[in-house]
Amino acid sequence: MAESEIERIYRLREELHTHNYNYYVLNAPVISDMEFDRLMRELQDLEAKHPEVADMNSPTMRVGSDISNDFVQVEHKYPMLSLGNTYSEEEVTEFYERVRKSLNEDFEICCEMKFDGTSISLTYENGKLVRAVTRGDGVKGDDVTNNVKTIRTIPLVLKGDNYPQNFEIRGEILMPWDVFEALNREREAREEPLFANPRNAASGTLKQQNSSVVASRKLDAYLYYLLGDNLPCDGHYENLQEARKWGFKISDATRKVKTLQEVFDFIKYWDTERKNLPVATDGIVLKVNSLRQQKSLGYTAKSPRWAIAYKFQAEKALTKLQKVTYQVGRTGAITPVANLDPVQLSGTVVKRASLHNADIIAGLDLHEGDMVYVEKGGEIIPKITGVDVSSRIPGSKPVEFITHCPECGEPLTRFEDEAAHYCTNEDSCPPQIKGKIEHFISRKAMNIEGLGPETVDLFYQEGMIKNAADLYELREQDIARLERFGEKSAQNIMAGLEASRQVGFERVLFALGIRFVGETVAKKLARSLKNIDALMSATEEELVAIDEIGEKIAESIIHFFSSEKNRKLVERLKQAGLKMEMAPEEVSAASNVLEGQSIVISGVFAVHSRDEYKELIEKHGGKNVGSISKKTSFILAGENMGPSKLEKAKTLGIKIMNETEFLSLIENAAKSEEKVDLPVETPAAETPEETPKKANPNIQLELF
């Protein structure tokens, strides 16, 4: 029996690799999704029974793992250089003429789409993926192999048998438009910051520590360059066609041309047609096709002489403003939205664009029915950049910002020094009520599995919840009777609510949704005051004495707890079993040893992950900032610290501390609970005025 199950494992792996290629690369599935999932589950079960035949390139690796890990830096065998950019036909002509004069023989150009994602280098040995490395600084990059294995358009095992024994193939990791927009809709519903464009979203996803999150993001990949000693052809274009046979996703838009006019024809065609592609592009890449000729042309210090990128102009379109509507956020902030005649921009149909606030509307001199210019450019969130005044309808009225809440009718308020208008009727305005609950259940707050904006809306409409505390009084049978729900869904929600009772006080405090109290401020408050009762009774003077708590935040906290409704909410949550104080071990473990200093984390660590070191630093008085400066007290350095960061540290005379020294410092501080002033080296090149002073009380953390 064991032998037949092992044989079945090998057969299932081969079969699933084929089905994966058919579905994700050829877009021609031959079995249903249900059947594919059934085969995958069978393979997962069999592999769990037979760990002795584990294979890192099994199709089951596509689902990702929830194990957190740091990325190891790997040196590129061939440096990943950047391309020179051109923005006009004249510059393309100059490139073409330089190549012609340098070669002094006939040549061909391979024209490709310039995909707007994050670069990746894949290494294959004996037909199997062994390593995936990001571009990094061009010399070294991060090993993201486990994450890349979740991308279904990247083959783990190659097809056929005519591929080189060892080779590298480079390409672009992309987030398709539809996936990107769905992700941003989810983030918007949770009032989380939106990704600016698919490139940022793909890059951020690829660097996730949790590969199961990467798997859920449905990334795509196009491959566009082969490197190795025994490639099948001298022609770059021909090599790509061979790679297509091995299972790689190669763009159908790739063309080989012989004349400059054919290059211009390609550019002109795709300047318009790219809007219909499922992924983001921002230009055209032109490469001399012959590898022999590429070698002859060589490289500059930063880029190859045989390739260049032509960048498209930022997309802009003219369309009609139908009307301006207004959205109400959980804090009561009113956001005006321009509703437009549908227009295509950067691969999507745009129907709406944010106008942000009343000042933006006034600055545009926006009138009803105006023809407006809509642009995306590098930022994918559409924005109105101007008005075609010449086509304005005579007698049209200026758009005037509303004076009352569109949801509850409450008069709007504009606070001093703020651009937004607010509805202050937080007790009875439905979007604010639901928004607060959605914030409470969000991933960075209580992270309640099984609940989302649609579920919150349904529960609210059914009269089952009016605030966050009502969630803990829900009954399984009441949920199960609702449309689209059942016993299993109800059980999942109840399990999620039960699990949320173990969430720490810092996140509970963030989940309350007090204005201006974000994640970092919530941590500061929790660690300084230790419990909710101390926070509720704190005076403004006591609050502003806490690091990073100013008058504005203090006033907001006092205002929140002055409301009897909010105090009752806290009491009900306390009775529901939520953690309303710091755990004893959290309180006792903390010290102020790092208070007042600025710390940079760089490199790869053996004992703890970066996130764990970040947590340690915060618990011992630190805070997070963004880059090395004169104010940096020391660098916590692991393996493979970036050379540029090391050079900057030496220039500024910044102390570098290794992992062992840092942990020793923390351990000794926890024992003595005494503050330690760390020495800071003084750079010889600095003037006395520029000499860093001894650490002052406020440590900061920077991550790379």
Side-chain angles (χ1 to χ4, degrees), residues 20-21 23-28 62 83 85 110-122 132 134-135 144 147-148 150-155 169-187 194-208 213-225 240 243-244 247-255 266-267 269-287 309-315 317 343-350 375-382:
N20 190 79
Y21 174 73
Y23 188 95
Y24 290 100
V25 179
L26 297 184
N27 197 27
R62 301 282 193 188
L83 295 179
N85 291 327
C110 185
C111 304
E112 308 169 10
M113 301 307 301
K114 186 178 184 298
F115 295 106
D116 195 15
T118 185
S119 299
I120 197 73
S121 172
L122 309 174
T134 62
R135 181 183 182 276
V144 290
N147 284 352
V148 163
T150 69
I151 303 172
R152 297 179 182 273
T153 44
I154 291 179
I169 188 167
R170 292 177 177 174
E172 206 81 358
I173 304 295
L174 302 149
M175 180 173 284
W177 287 114
D178 56 351
V179 177
F180 169 76
E181 290 174 343
L183 177 62
N184 261 355
R185 283 195 298 270
E186 292 173 8
R187 295 175 72 87
L194 302 185
F195 284 114
N197 49 52
R199 178 186 65 254
N200 290 0
S203 178
T205 297
L206 197 61
K207 300 299 283 291
Q208 288 277 334
V213 173
V214 184
S216 71
R217 295 277 178 88
K218 302 176 184 176
L219 295 177
D220 201 351
Y222 282 92
L223 286 306
Y224 50 63
Y225 196 65
L240 291 182
R244 187 194 300 273
F248 292 108
K249 188 170 183 178
I250 309 297
S251 171
D252 291 332
T254 307
R255 291 286 182 273
F266 186 89
I267 291 173
Y269 175 80
W270 283 108
D271 195 7
T272 302
E273 192 60 27
R274 68 191 176 100
K275 300 173 185 177
N276 298 317
L277 291 174
V279 293
T281 60
D282 62 351
I284 299 293
V285 175
L286 306 174
K287 298 175 184 172
Y310 171 85
K311 300 293 287 288
F312 294 126
Q313 298 298 312
E315 282 201 67
V343 62
Q344 193 172 52
L345 266 182
S346 299
T348 58
V349 175
V350 173
E375 189 174 308
K376 283 187 176 180
E379 301 299 316
I380 198 53
I381 302 167

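None of the values given here were measured: they were computed from a predicted structure.
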Which value, rounded to the nearest 0.5 Å, describes the distance between [X] atom [atom1] and [Y] atom [atom2]?
X: I284; Y: F312; atom1: CD1; atom2: CZ; answer: 4.0 Å
X: I169; Y: L223; atom1: CD1; atom2: CG; answer: 4.0 Å
X: T153; Y: F248; atom1: OG1; atom2: CZ; answer: 11.0 Å
X: E172; Y: I120; atom1: CD; atom2: CD1; answer: 9.5 Å
X: L174; Y: T205; atom1: CG; atom2: OG1; answer: 11.5 Å
X: Q208; Y: N147; atom1: CD; atom2: CG; answer: 8.0 Å

Decide yes or no on side-chain contact (heavy atoms from CB on, under 4.5 Å) for C110 and R255, but give the supporting numbers first. CA-CA 6 Å; C110 185; R255 291 286 182 273; over 6 Å; no

Is it the case that the side chain of Y310 and the backbone of G283 share a donor-acceptor pair, with hydrogens and angles ignored and the cut-off at 3.5 Å? no

Any idea which heavy atoms bring [X] and [Y] closest together, and the distance?
X: P198; Y: A280; value: CG-CB, 4.3 Å
X: L122; Y: A132; value: CD2-CB, 3.6 Å
X: Y222; Y: V279; value: CE1-CG2, 4.1 Å
X: L286; Y: C111; value: CD2-SG, 3.8 Å

Given the options V214, L206, V213, T150 meets side chain to side chain contact (heavy atoms under 4.5 Å, CB included) only with V214

Can you spot which of K287, M113, E112, R244 makes a side chain to side chain contact (heavy atoms under 4.5 Å, CB included) with T254? E112

[X] side chain near [Y] side chain, heavy-atom distance below 4.5 Å:
X: K311; Y: K114; answer: yes
X: T118; Y: K207; answer: no
X: I173; Y: I154; answer: yes
X: S251; Y: F115; answer: yes
X: Y224; Y: S119; answer: yes

So D220 and K249, side-chain contact (heavy atoms from CB on, under 4.5 Å) or not? Walk me through it. CA-CA 9 Å; D220 201 351; K249 188 170 183 178; 2.9 Å; yes

One thing to verify: whether R199 and D282 come together as a salt bridge, which I'm taking to mean a side-chain N less than 4.0 angstrom from a carboxylate O. no

Hydrogens and angles aside, do E273 and N276 bring a side-chain donor and acceptor to less than 3.5 Å of each other? yes

Hey, can you tell me if F266 and W270 have their rings parallel, tilted or perpendicular (30° and 60° cut-offs)? tilted

